[in-house]
Number of protein chains: 2
Amino acid sequence: TSTGGKSKPPPVVHYNLNNVTITHNPVENRENVLILTPMVRFYQEYWDNLMKLTYPHELITLGFILPKNKEGNAATTDLQKQIAKTQKSGPERDRFKSIIILRQDFEPPIPSQDEVERHKMQNQKARRAAMAKARNSLLFTTLGPSTSWVLWLDADIIETPPTLIQDLARHDKPLVAPNCFQRYYNEDTKSMDERPYDFNNWQDSPTAQDLASKMGPDDILLEGYKDMATYRALMAYMHKPEDDLHQEVPLDGVGGTALLVKADVHRDGAMFPAFPFYHLIETEGFAKMAKRLGWQATGLPNYKVYHYNE
Amino acid sequence: TSTGGKSKPPPVVHYNLNNVTITHNPVENRENVLILTPMVRFYQEYWDNLMKLTYPHELITLGFILPKNKEGNAATTDLQKQIAKTQKSGPERDRFKSIIILRQDFEPPIPSQDEVERHKMQNQKARRAAMAKARNSLLFTTLGPSTSWVLWLDADIIETPPTLIQDLARHDKPLVAPNCFQRYYNEDTKSMDERPYDFNNWQDSPTAQDLASKMGPDDILLEGYKDMATYRALMAYMHKPEDDLHQEVPLDGVGGTALLVKADVHRDGAMFPAFPFYHLIETEGFAKMAKRLGWQATGLPNYKVYHYNE
Ligand SMILES: Nc1nc2c(ncn2[C@@H]2O[C@H](COP(=O)(O)OP(=O)(O)O)[C@@H](O)[C@H]2O)c(=O)[nH]1
Ligand SMILES: Nc1nc2c(ncn2[C@@H]2O[C@H](COP(=O)(O)OP(=O)(O)O)[C@@H](O)[C@H]2O)c(=O)[nH]1
Ligand SMILES: [Mn+2]
Ligand SMILES: [Mn+2]
């Protein structure tokens with residue numbers, strides 16, 4: 001704190017959490033949004049989509065966490081290239097308030113990141129526990145006293161409406177999840193098509209409850225595996241194009257592909273359990289923990305965002 | 001970001017969590033310590049003791065959270081007076097790296113803060129849930145990527161060895177708790193004496209486990225109440241003056257009066273549950289959650305700190 005014999009008083013900051021508003025009109029109220037992205041691979045389409053978000057960039061802080069391995073190093077290099085372009089030479093209105101890049105201090109538990117390998121059932125517990133820890137490291141070290149909203153956005157979400165943040169915040173819900181789809185080439189119709197992708201947004205079922213009640217204390221329920229039929233109502237299948245875009249449904253489990261969270265939910269202590277929590281883990285456990293803290297998750301079955309297709 | 005037509009590039013920070021060391025010799029390794037204190041009343045003795053800590057102040061960030069009521073306002077005023085003195089006009093080596101003061105956005109659930117009232121058993125669940133949320137708000141908004149250690153220190157801890165941080169860190173444990181005592185005037189011996197104060201540092205017992213197993217899912221176990229005999233082994237009673245000052249014991253529950261935590265424990269997601277977690281809440285629930293994440297708590301029965309006596 002001493003420069004050339006002259007000392008400058010160290011910073012003292014006083015925050016009144018009451019003055020941090022979290023409203024359905026965050027642009028007008030100049031609310032700070034923290035966009036958090038765990039990232040293994042860098043997709044240019046993710047960055048391009050992020051850049052197109054119309055929420056004032058000067059109110060947005062970006063936080064990334066990448067593994068400390070070869071794949072993570074490559075993604076970090078690509079990410080930094082884009083950041084430098086935007087923050088240094090790009091037009092001023094494109095620039096974000098601040099950007100934090102974390103490199104995680106543990107190895108991902110499964111070496112391959114291929115879709116088939118990472119979705120194998122026996123890999124889920126270790127993989128999702130590691131993901132949970134990565135999300136928590138990112139969250140605990142970037143959330144500030146003046147953050148109003150946290151947008152969780154996976155690194156492979158490549159297409160969203162540009163008004164994503166405003167549209168989700170408009171619902172004024174503690175946790176709100178859009179419906180995550182994936183575009184693909186349909187061999188039958190010989191044309192581009194789309195299909196549901198994120199199965200972690202769900203409403204609980206008696207079958208799942210019953211399965212859980214018979215499990216050992218450290219076992220977890222998984223969604224989207226035919227060897228474990230839960231009969232939960234999946235938001236992925238609730239999409240009705242003819243219905244209101246802003247249709248709401250209550251959710252008991254959420255995914256992390258895209259999820260807007262009021263910062264107070266996290267500040268109360270809601271995080272991503274890396275251990276079985278009511279037999280749930282990571283983002284699904286997070287929804288349960290938020291619920292235990294009095295915060296209910298909401299899903300928007302007709303509001304779509306799109307996942308990369310490997 | 002624009003001043004007088006000139007734009008300055010917004011900050012981009014890159015942190016390698018691997019480079020943040022957390023060692024038994026934190027002074028030599030220049031490790032950052034975050035001291036977190038939830039505060040309802042300001043005690044001059046607390047501040048004086050804090051000032052006397054020999055850990056380099058330029059490596060210490062202080063974080064406070066105070067309630068937004070009359071008592072909290074008074075404490076904030078007193079606290080700010082001392083901070084101004086230290087940070088602005090005091091000797092440079094006394095100054096802390098930075099100081100963050102948060103005002104909580106919810107009312108404490110019980111109006112009176114008298115010792116008798118706040119220790120009533122029927123007040124515990126709501127009181128400790130509120131405390132847990134206050135601790136989490138403080139933790140989530142102040143922990144940074146370069147924090148190595150978090151020292152939880154209650155506002156009514158008025159006497160510790162000046163080498164507290166170094167002494168606790170030396171044990172190189174994920175969570176380490178000294179033994180919290182209280183000085184009082186002993187009417188029998190007509191002289192000053194001391195007695196155990198913090199009963200939340202304990203080793204679990206079969207009786208407590210058995211009580212828990214018969215409880216409803218939302219019930220909590222409490223320590224130090226004769227209507228709920230847990231037969232846990234309390235660190236408060238393990239103090240043996242003739243033994244090594246640095247004697248270690250494993251703990252299953254911890255208190256928050258004074259507690260040194262490796263920042264990685266929090267970064268992995270360990271927080272203070274405001275809901276019953278294995279029938280435990282707040283700091284006791286925190287120890288259990290840390291354990292679920294693979295981090296074991298340690299107590300130092302012979303290493304004493306002192307709580308204010310009202
Ligand atoms: N930092 C970090 N990010 C990860 C890790 N594994 C996956 N991710 C990222 O976390 C998000 C979700 O993981 P992903 O593998 O896409 O999950 P899936 O779409 O459900 O198969 C994506 O943004 C990944 O880039 C990891 O070990 N460390
Ligand atoms: N911010 C905040 N701090 C609190 C609240 N209640 C207690 N504290 C502080 O939390 C710590 C523990 O509370 P205290 O009442 O001393 O607990 P006890 O010693 O176990 O009776 C002390 O530092 C208090 O000043 C609250 O509602 N809000
Ligand atoms: Mn993905
Ligand atoms: Mn106290």
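Reminder, nothing fancy here: chain letters follow the sequence lines and each chain counts from 1.
Here the straight-line distance linking atom CD1 of B:Ile65 with atom OH of A:Tyr15 works out to 13.5 Å at 0.5 Å rounding. Here the straight-line distance linking atom CG of B:Leu17 with atom CZ of A:Arg103 works out to 10.0 Å at 0.5 Å rounding. Atom-to-atom distance recorded for A:Leu143:CG and B:Phe140:CZ is 8.0 Å, nearest 0.5 angstrom.
Residues A:Gly269 and B:Asn136 approach most closely at CA-ND2, 3.5 Å, considering heavy atoms. Nearest heavy-atom pair across A:Leu102 and B:Pro145 is CD2-CB, 3.6 Å.
Chain B forms the most heavy-atom pairs under 4.5 Å with one residue out of A:Ile99, A:Asn19, A:Thr142, A:Leu293, and that residue is A:Ile99. Looking only at heavy-atom pairs under 4.5 Å with chain A, the residue among B:Leu139, B:Ile100, B:Leu62, B:Thr61 that has the most is B:Ile100. For chain B, the option among A:Arg135, A:Gln104, A:His266 with the highest count of heavy-atom pairs below 4.5 Å is A:His266.
A 4.5 Å side-chain heavy-atom check between B:Met289 and A:Pro273 finds every atom pair outside the cut-off. Side-chain contact between B:His14 and A:Ile83 is absent, with no heavy atoms from C-beta onward closer than 4.5 Å.
A:Lys133 has no carboxylate O lying under 4.0 Å from a charged side-chain N of B:Asp264, or vice versa, which leaves the two without a salt bridge.
Two rings, from A:Phe275 and B:Phe277, have their centers less than 6.0 Å apart.
Contacts of B:Thr147 with chain A are absent, with no heavy-atom separation under 4.5 Å from either backbone or side chain. Residue contact with chain A, scored on non-hydrogen atoms closer than 4.5 Å, involves the backbone of B:Ala270 exclusively.
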